[in-house]
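First listed ligand is number 1; within each ligand, the first listed atom is number 1. Computed from heavy atoms alone, side chains included, the values below leave out hydrogens, waters and symmetry copies. Computed from a predicted structure; not experimentally measured.
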Amino acid sequence: MTDGLALLGQLPPQSQAAIRLLWQILPDARLVGGVVRDLLANRPITDVDMATPQPPEAVLHALQQAGVRAVPTGLEHGTVTAVIDAAPYEITTLRRDEETDGRHARVSWTADWQEDAQRRDFTINALSLDRAGGLHDYFGGQADLAAGHVRFVGDAVLRIQEDALRILRYFRFQARYGRGQPDGSALQAISSQVALLRGLSVERIWSELKRILAGPQVVETLHLMEQAGVLAEIMPGGASLARLERLVATGAPRDPLLLLVALAHQPRQVVQRLKVSRAESDFVQALLRCFTQEEKKLFAQGAGEALDDALRVLLSEEPRQVLLGRLWLAEGDDAPVMADGGASFRTVRACLEALETPEFPLAGRDVLAAGLPAGPQVGHMLGQVRQWWRAGGCRAGRVACLAQLAAVLHAQPH
Ligand code: ATP
Ligand code: MG
């Protein structure tokens with residue numbers, strides 16, 4: 001028998017105190033979902049969610065009466081957020097699905113804990129822990145967690161038809177908690193229902209996919225997704241695991257965008273379809289620019305002044321993260337066929353990390369101060385000096401750049 005209250009000892013003292021306070025105010029509430037799962041699995045807790053049979057207005061009122069800051073963050077879903085010592089605690093009224101269409105659910109409140117547990121996705125996510133330390137496990141979630149078995153609550157096909165996002169959630173949780181053979185009936189159900197992914201909002205798809213790409217066991221998980229036909233559904237233009245595997249083998253950081261570029265045959269098309277943020281899309285576009293043959297030749301020469309110059313020039317144009325990402329991609333692609341097995345890429349990365357980002361030392365006002373009237377010529381002049389500065393490996397300081405500016409102005413036809 002699990003002593004639920006002993007489990008709470010894993011939480012930081014501040015969260016423990018907040019939960020005790022909430023239990024004084026709402027004695028029927030229980031901890032639910034991820035927090036219970038992760039306490040049992042002895043994993044770090046990201047957020048603490050509670051559920052309660054009381055309707056949301058009653059929760060709001062009880063918290064306010066007790067002097068706890070309460071924010072009605074999602075009353076229509078039954079959620080009130082208590083803020084204690086600046087940390088949020090979501091308290092959601094027990095729910096029952098009245099109607100589902102594969103994307104949204106219309107819910108009503110219930111006082112039946114099992115009904116609420118039944119609408120949760122996986123048995124390991126359907127556990128709850130009450131104030132007396134009692135663990136409530138209606139569907140064998142504790143045993144599944146211990147066995148590394150990610151299993152749908154109830155019939156997998158029906159659960160996916162209620163909400164197709166559960167397909168992607170399955171792979172996210174399988175990656176994190178799954179061990180051994182994945183659940184056959186889950187995979188079969190997913191394969192038969194993949195077309196339902198088309199009805200989901202691309203924002204929900206991207207938010208799950210990003211977490212899968214940044215999560216553990218990414219290669220194994222993507223293989224499962226490929227076999228179930230999921231990748232073909234969510235990646236217009238197709239996907240190839242071989243390139244991603246080579247990238248992962250280099251030890252590249254688990255940046256979801258970097259992995260996406262290695263995975264998708266048409267990364268531009270994918271980011272457009274998934275409506276990723278502007279910053280994310282810019283990052284992907286920048287990763288897709290390749291190094292020139294000349295740059296690659298310099299990389300192969302190893303550390304030295306010529307390499308530093310070339311890297312400084314690159315750094316003057318592009319963020320370090322982009323260049324590092326492109327080096328990881330190039331290493332994944334080229335290392336297997338290179339005589340040094342990619343050692344030169346590691347040297348280049350180390351050199352790049354050691355360099356400061358060069359700042360061009362002049363601005364428009366310097367051109368004006370040199371006597372040129374305001375107008376398009378100013379930017380043009382500045383560009384010429386900048387070009388000269390880059391050609392010299394971005395080494396020239398302000399004084400040398402001013403001298404070059406004077407020379408360029410002097411050479412101008414009057
Ligand atoms: P994480 O640590 O990744 O946040 P979590 O279990 O807290 O894991 P959330 O996505 O935050 O996951 O959801 C909280 C809980 O709500 C889940 O544990 C699950 O019980 C339930 N849940 C969330 N989304 C769904 C869904 N689409 N279908 C069914 N249940 C869901
Ligand atoms: Mg959560």
Task: Those protein residues which place at least one heavy atom below 4.0 Å from ligand 1 - done: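 Only G33, G34, R37, T46, R119, R120, D121, N125, D163, R166, R169, R172, F173, R176, R211 have heavy atoms that fall under 4.0 Å of ligand 1, ordered by chain and number.
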Open item on the list: R198: which residues meet the salt bridge (Lys or Arg N to Asp or Glu O under 4.0 Å) condition with it, sequence neighbours left out?
Closed with: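 Per chain and number, R198 pairs via salt bridge (Lys or Arg N to Asp or Glu O under 4.0 Å) with E233.
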- [ ] Could you tell me which residues satisfy salt bridge (Lys or Arg N to Asp or Glu O under 4.0 Å) with E295, sequence neighbours excluded, listed by chain and number?
- [x]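 Scan of E295 (salt bridge (Lys or Arg N to Asp or Glu O under 4.0 Å), adjacent residues dropped) gives none.
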With a cut-off of under 6.0 Å to the ring centre and 45° to the axis, is [X] in cation-pi contact with [Y]?
{"X": "R96", "Y": "W109", "answer": "no"}
{"X": "R169", "Y": "F122", "answer": "no"}
{"X": "R159", "Y": "F152", "answer": "no"}

Show the atom names and distances, to 0.1 Å, of all donor-acceptor pairs under 3.5 Å that link a side chain in residues 68-91 to residues at least two apart or in another chain.
residue, atom, partner, partner atom, Å
T73, OG1, T81, OG1, 2.7
T79, OG1, T92, OG1, 3.0

